[in-house]
S.K.: 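Shown below is the structure under consideration.
So that the names make sense, note that chain A is the first sequence line, chain B the second, and so on, each numbered from 1. A quick note: this is a predicted structure, and the numbers were derived from the prediction, not measured.
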Amino acid sequence: MTLLEFALHNVRQRPARNLLTVMAVALGVAAAVALTGIAWGFEASWQKANDARGTDLIVTRLASTNAMPSPFRAEPLQGELRGYPKVRDVVGLLSEMLGVEAGAPPLFVFGWTHGSYLWRHLKLADGRWPAHTDEPAVVIGVVAAGLLAKKVGDTLEIEGRRMPVVGVFESTAAIENGAVLMTLTQAQQTTDKPGKVNVLNVMLDADATDADVNAIKARIRERAPGFVAITSGELVGQNTVVRIAKAMSNATTLIAALVGILIVFNTMLMSVNERTREIGILLALGWHRRTVIQLVCGEAALLTLAGGIAGVLVGVGLTLQLEHLDLLRGKIDANFPLSFLLTMPLLAMLVGTIGGLYPALKASRLTPAHALRQE
Amino acid sequence: MSTTPIFRAERLTLHFDAGRTRALDGIDLEVAEGEFVATVGASGCGKSSLLNLIGALDAPTAGERYFRGQPYSVMLDLADFRRRHVGFVFQSFHLIPTLGVLDNVLVPTIGTPGRSAVHRARALELLERLGLADRLQHFPATLSGGERQRAAIARALINKPDLLLADEPTGSLDSANAAQVLDLISDIRRERGLTVVMVTHDAGVSAHADRLVPMRDGKVAAP
């Protein structure tokens, strides 16, 4: 019989209490996994959308960390950027989260420069694209079409304007599949922001180097005070919603870890108190104090490992269900890197070991003769 | 036989409750290699306390203990001393109730060097020797008192101790089982050259022991 087998055996001896401990740890881990998956997924969705469009640099307001950067006048900055070396194209983008149709959850509404490279990655599933920049029409992502129960030929009411749905599209980015898309001109009219954009998307020549990118960034800092050129990853990273989501997931993970430590501490302290004489027997039989510590901490680690594995499964399942809620459909693309999923049970084990440490030390400090006299 | 005693106690004293209870009061004792010593006396005279001190289960208030001439006070690892040199047999068996007989016997080997297959083979040999080969997976609650004590003896012997300390090993057994357990301990002592120190009330033990050490009020009494 090995120490691990003995620890497993002991864990199985108090099934009700240990099952409750495992469930409590699993709930904490599930909450941490779900929130982290959503936070990372939200970040990854934006990143993916920006990458799919083929944008190399995004020019936006320097201090803008909102979910969508604050709108600004596209000109004259857009025209100046077009004259920079290695810049192939500069197009404006306006985006808002808007209520679309009464009773439906709010959706992202994008306005993109008509005919620009931004549209190229989209695949038309039905209908057609807007014919020209002044056409008051929308195309909707496949997820948005499902959510709104709309098809080509129907109309959508956005900010008091009723606009025909002329097409349904698919994108590789979940966030775009859940969005409504129109030309930039129409978006500016609809949101009453004529001439304004949230960001300017810059596409560089294929042979642009990192040095070229850095030169463009430096030139914008110098020539356009208050503006900054950043990569899509940098933009997403400083997004307030992403940062809040990440902070919440970190806080949840920390709280779950602390609660887990307390739960395991309580469980193992009860277990050690009930097994005082048994521990005395082990010490009398020549067990080292460190072996007793390893046993108690091992039992705690096994409990939390089971909780961690169960929590990961529940957390992933929960998030996949949340993705299908109307409020979140098309807005997040939950992201669970394998390394993260493997780390969580190990983190849970660490939590268990920490929680079991004091009870283990208490058990190991027993005097064998004294422990053997306990009832 | 070596001239150095396997165990020696000098002025061994053990007090409880800040000195209000004197369990042992200046005991001097020598136990020779291979000797079978039976400590006898009334309840509360300090027999079990002495056994606990010999087995390093407790620390004396004063005095010194020696194992083959080496003072206990200089031993860095008393757990290692217990594991390598001492086997315990208790009156109430102290088997782990949730483990089967074989696993109970293997408990002292957990966390020790050596291959588990070797430990298992030794446990099986001991259980065969003690007549428990058909009880390997039985839990203590399903065994008779005699079987439980034999399982406890097997457990005490698994690490090949030099010193077998038995605290009232027949105290919970009927006379037939008690006699069988005493015979077994005697036989195994002869087979393996064990030194045995036994605390007992059992009158039948004098037939097996080389020497009786009578105790009274925490002291070795005159025979």
S.K.: Which residues in residues 47-57 of chain B have a heavy atom less than 4.5 Å from any heavy atom of chain A?
M.R.: Asn52(B), Leu57(B)

S.K.: Please look at His9(A) and chain B and tell me whether the side chain, the backbone, both or neither of the residue comes under 4.5 angstrom of a heavy atom of that chain.
M.R.: side chain

S.K.: How close do Thr2(A) and Ile110(B) get, heavy atom to heavy atom, and via which atoms?
M.R.: C-CG2, 4.1 Å

S.K.: Measure across Trp287(A) and Val107(B) and return the closest heavy-atom pair with its distance rounded to 0.1 Å.
M.R.: NE1-O, 2.9 Å

S.K.: Around atom NE2 of His370(A), are there more than 12 heavy atoms from other residues, nucleotides or ligands closer than 6.0 Å?
M.R.: no

S.K.: Listed by residue number, which members of residues 278-285 of chain A have a heavy atom under 4.5 Å from any heavy atom of chain B?
M.R.: Glu278(A), Ile281(A), Leu282(A), Leu283(A), Ala284(A), Leu285(A)

S.K.: Is it the side chain or the backbone of Phe93(B) that comes within 4.5 Å of chain A heavy atoms, both, or neither?
M.R.: neither

S.K.: Considering only heavy atoms, give the residues of residues 59-90 of chain B separated from chain A by less than 4.5 Å, sorted numerically, with 'none' for an empty result.
M.R.: Asp77(B), Ala79(B), Asp80(B), Arg82(B), Arg83(B), Phe88(B), Phe90(B)

S.K.: Does anything in residues 355-366 of chain A get under 4.5 Å of chain B by heavy atoms, and if so which residues?
M.R.: none

S.K.: How about Asp217(B): does its CG atom have over 12 heavy atoms from other parts shown lying under 6.0 Å from it?
M.R.: no

S.K.: With a cut-off of 6.0 Å (strictly less than), are more than 12 heavy atoms of other residues, nucleotides or ligands near CZ of Arg216(B)?
M.R.: no

S.K.: Are side-chain heavy atoms of Arg120(B) and Met1(A) found at a separation under 4.5 Å?
M.R.: no

S.K.: Which of the residues Ser92(B), Ser116(B), Gly111(B), Pro108(B) is involved in the greatest number of heavy-atom pairs with chain A at under 4.5 angstrom?
M.R.: Pro108(B)

S.K.: Counting C-beta onward and ignoring hydrogens, is there a side-chain heavy-atom pair between Leu106(B) and Phe6(A) closer than 4.5 Å?
M.R.: no

